[in-house]
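Quick notes on the structure that follows.
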Amino acid sequence: MSEQTLFHKIRDKKIPATIVYEDDEVLAFKDIHPKAHTHLLFIAKKDSDFVASIDDLTEATAHVPGLLIRKAQSFAKAHSITGYQLKFHVGKDGGQEVFYLHLHFLSEQKIG
Ligand code: 5GP
């Protein structure tokens, strides 16, 4: 069992977060220190989809970045957000602080 990160605790509702979207596969919540008007983090929920970083992807988890991107795209469409940025921070030297793969979703548009 890998180390429990902050985002495991958010996923498991052990610490609070402002959740904006959840289904069986992903959870999206507001970043606590937003760098855009709308700054969300998308994570995969299943233990089998857990990967710490893009740097640690394997064949078994190669689908996870695509899953997060697809859910972010659907979320944007559902909320009429027409322009946004998607980012992965990769490794400490890439600015990654939480080692539970997450997609940053940034937009100056509001969630409608
Ligand atoms: P990273 O730099 O690892 O790609 O991004 C981690 C993000 O998690 C940062 O943007 C940071 O603001 C956010 N963050 C850190 N602690 C918390 C927290 O307790 N709750 C929420 N919602 N976001 C957090």
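Here the structure is a predicted model, which is why all the values come from computation and not from measurement. Read the numbers this way: they start at 1 and go in the same order the structure lists the ligands and their atoms.
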Expected output: side-chain Lys45 to main-chain Asp23 donor-acceptor under 3.5 Å: yes

Least distance between heavy atoms, Ser80 atom then Gln109 atom: O-OE1, 4.2 Å

Phe50 and His8 aromatic ring geometry - parallel, tilted or perpendicular at 30°/60° bounds: tilted

Mutual orientation of the aromatic rings belonging to Phe105 and Tyr84 [parallel < 30°, tilted 30-60°, perpendicular > 60°]: parallel

Atom of Val64, atom of Ala44 and distance for their closest heavy-atom approach: CG1-CB, 3.9 Å

Atom-level proximity to ligand 1, residues with heavy atom under 4.0 Å: Leu6, Phe7, Ile10, Phe29, Lys30, Asp31, Ile32, His33, Leu41, His89, Gly95, Gln96, Glu97, Val98, His102, His104

Parallel, tilted or perpendicular: rings of His102 and Phe7 (30°, 60°): perpendicular

